[in-house]
Amino acid sequence: MVSSKTHPANKIPNVDSATRIAVAFSGGLDSTALLHSTVAAYGPEHVIALHVNHGLQEVADDWVMHCAHVADSFEVAFDFRLINWPGGVGEMNNIEAQAREARYEALAQMCEQHGVTDLLLGHHQDDQAETVLLQLLRGSGLPGLSGMAAQRGLERTDIRVWRPFMDLSRKELESYAKEYHLQWIEDPSNQDDHFTRNFLRLRIMPILEKIQPQLRKNLSRTASHMADAQHLLDQLADIDLNVMTTEDGLDIVYLMALRFEDMARAN
């Protein structure tokens, strides 16, 4: 019996008989548990596994074959995209950000091709904690400290992105995967502490957890608080904007008056 806590069905709306859900499937622990639980929740006929081959490692082609094999064993449809890097990988700056952007673009293309409007990602509580800590080090404001949203729309598309595992730790997902004898691959680049996120995960967070064992859960909760605060600020901004908007456009006099009274609110 699949635990109800790991069912994506608890996090996204009811799905009708004609709907197909896409799972971003890297072959790692998180996405393997996500694919398995999504199939258990909705049935294989309603699921498609989408893989992105970044071509950044020699074993990347083997990962495609692994993911195709797992998808076949789960009896779900499978598709993948290979990302071509113009100019070569060695000439790229900020490869993490560029790879992330290219991944979302490839996933969006596959979703649109297959008529999918709901895309599930395997990010979990540990990922959220790392994101908040990264943003804190960068001096980010509320949007950055809000971390990754559990649900959001994908820019310039009709696709809705869901992260059903945001309340679950990696340890819980690993227990789930072992309980159902799932096989996953480990990305060796995750052990390369030259990447900032990996350095935080491998070097910094274990030290901080000696001081605060609930560090990951607490940082994830902070992200939720920040997201709520940002939501309220957005609502306040909409209220002010509606008041100062006329048929001719923005009422500059009203805006300047608000700026004189409350600079932060005007901004």
Tell me, yes or no, whether the heavy-atom count around Glu155 atom CD, taken from other residues, nucleotides or ligands under 6.0 Å, exceeds 12. no
Do you know the tightest heavy-atom contact between Gly27 and His66? O-NE2, 3.9 Å
Heavy-atom count around Glu75 CD within 6.0 Å, excluding the residue itself: above 12? no
Ile185 and Ser26: which non-hydrogen atoms are nearest, and at how many Å? CD1-O, 3.6 Å
After noting the C-alpha distance and the side-chain angles of Gln113 and Arg81, does the key distance pass the side chain to side chain donor-acceptor pair (under 3.5 Å) rule? CA-CA 12 Å; Gln113 177 182 337; Arg81 289 291 183 277; 2.3 Å; yes
If hydrophobic clusters are built from ILVMFWY residues whose side chains come within less than 4.5 Å, do Met148 and Leu215 share one? no
Atom CG of Asp62 with >12 non-hydrogen neighbours under 6.0 angstrom: yes
Could you tell me the separation between the OG atom of Ser169 and the CD atom of Gln128, rounded to the nearest 0.5 Å? 14.0 Å
Joint hydrophobic cluster, Val243 plus Leu236, side-chain heavy atoms closer than 4.5 Å: no
In terms of heavy-atom contacts, does CD of Glu101 have more than 12 from other residues, nucleotides or ligands at under 6.0 Å? no
Please lay out, stage by stage, how Ile21 and His46 fare under the test side-chain contact (heavy atoms from CB on, under 4.5 Å). CA-CA 6 Å; Ile21 300 171; His46 295 299; 5.6 Å; no
Tightest non-hydrogen contact, residues Trp184 and Lys178, listed as CH2-CG, 4.3 Å
Taking all atoms of both residues into account, what is the closest heavy-atom pair of Met110 and His51, and its distance? CE-O, 3.6 Å
List the steps, then state whether side-chain contact (heavy atoms from CB on, under 4.5 Å) holds for Leu200 with Glu130. CA-CA 7 Å; Leu200 289 178; Glu130 293 165 9; 5.6 Å; no
Minimum-distance pair of heavy atoms, taken over all atoms of Leu119 and Ala24: CD1-N, 4.0 Å
I'd like to know if the side chain of His124 reaches the main chain of Asp126, judged simply by a donor and an acceptor atom lying under 3.5 Å from each other, with no hydrogens or angles considered. yes
Donor-acceptor pair, side chain of Ser220 and main chain of Lys217, under 3.5 angstrom: no
Are side-chain heavy atoms of Phe199 and Ile204 found at a separation under 4.5 Å? yes
Stepwise side-chain contact (heavy atoms from CB on, under 4.5 Å) check, Thr117 with Arg160: CA-CA 6 Å; Thr117 57; Arg160 292 166 295 186; 3.6 Å; yes
When rounded to the nearest 0.5 Å, the distance separating OG1 of Thr32 from CG of Leu182 is 7.0 Å
Distance (rounded to the nearest 0.5 Å) between Leu35 CG and Ile48 CD1: 11.0 Å
Looking at Arg259, I want to see if its CZ is surrounded by more than 12 non-hydrogen atoms of other residues, nucleotides or ligands under 6.0 Å. no
side-chain contact (heavy atoms from CB on, under 4.5 Å) test vs Asp30 passes for just one of Glu174, Arg170, His123, namely Arg170
Over 60° means perpendicular and under 30° means parallel, so classify the ring planes of Phe74 and His36, tilted if in between. perpendicular
Take a 6.0 Å sphere around CZ of Phe80 and say whether it holds more than 12 heavy atoms from other residues, nucleotides or ligands. no
Connected via hydrophobic side-chain network under 4.5 Å: Val132 and Phe195: no
With clusters defined by side-chain heavy atoms of hydrophobic residues (ILVMFWY) lying less than 4.5 Å apart, directly or transitively, does Val116 cluster with Ile159? yes
Between CE of Met256 and CE of Met244, what distance do you get to the nearest 0.5 Å? 11.0 Å
Yes or no on side-chain contact (heavy atoms from CB on, under 4.5 Å) for Val161 and Leu107, after CA distance, side-chain angles and deciding distance? CA-CA 11 Å; Val161 173; Leu107 289 170; over 6 Å; no
Between Gln135 and Gly147, is there a donor-acceptor pair closer than 3.5 Å when you use the side chain of the first and the backbone of the second? no
Would Trp162 end up clustered with Leu173 when hydrophobic side chains under 4.5 Å apart are linked, directly or stepwise? yes
Give a yes or no on whether the backbone of Leu136 and the side-chain of Ser140 come within a donor-acceptor separation of less than 3.5 Å. no
Value rounded to 0.5 Å, distance of CG in Leu133 from CG in Leu145: 10.5 Å
Pick from Asp234, Leu233, Leu232: which one makes a side-chain contact (heavy atoms from CB on, under 4.5 Å) with Leu142? Leu233
Any idea which heavy atoms bring Arg197 and Asp127 closest together, and the distance? NH1-O, 3.4 Å
Output yes when a side-chain donor or acceptor of Asn242 lies under 3.5 Å from a complementary backbone atom of Asp238, and no otherwise. yes
So for atom NE2, which belongs to His114, do other residues, nucleotides or ligands contribute more than 12 heavy atoms lying within a distance under 6.0 Å? yes
Got a sec: does the CD of Gln183 have more than 12 other heavy atoms crowding it under 6.0 Å? no
Asp228 side-chain N/O to His225 backbone N/O, donor-acceptor pair under 3.5 Å: no
Separation between CZ (Arg216) and CG (Asn218), nearest 0.5 Å, reads 12.0 Å
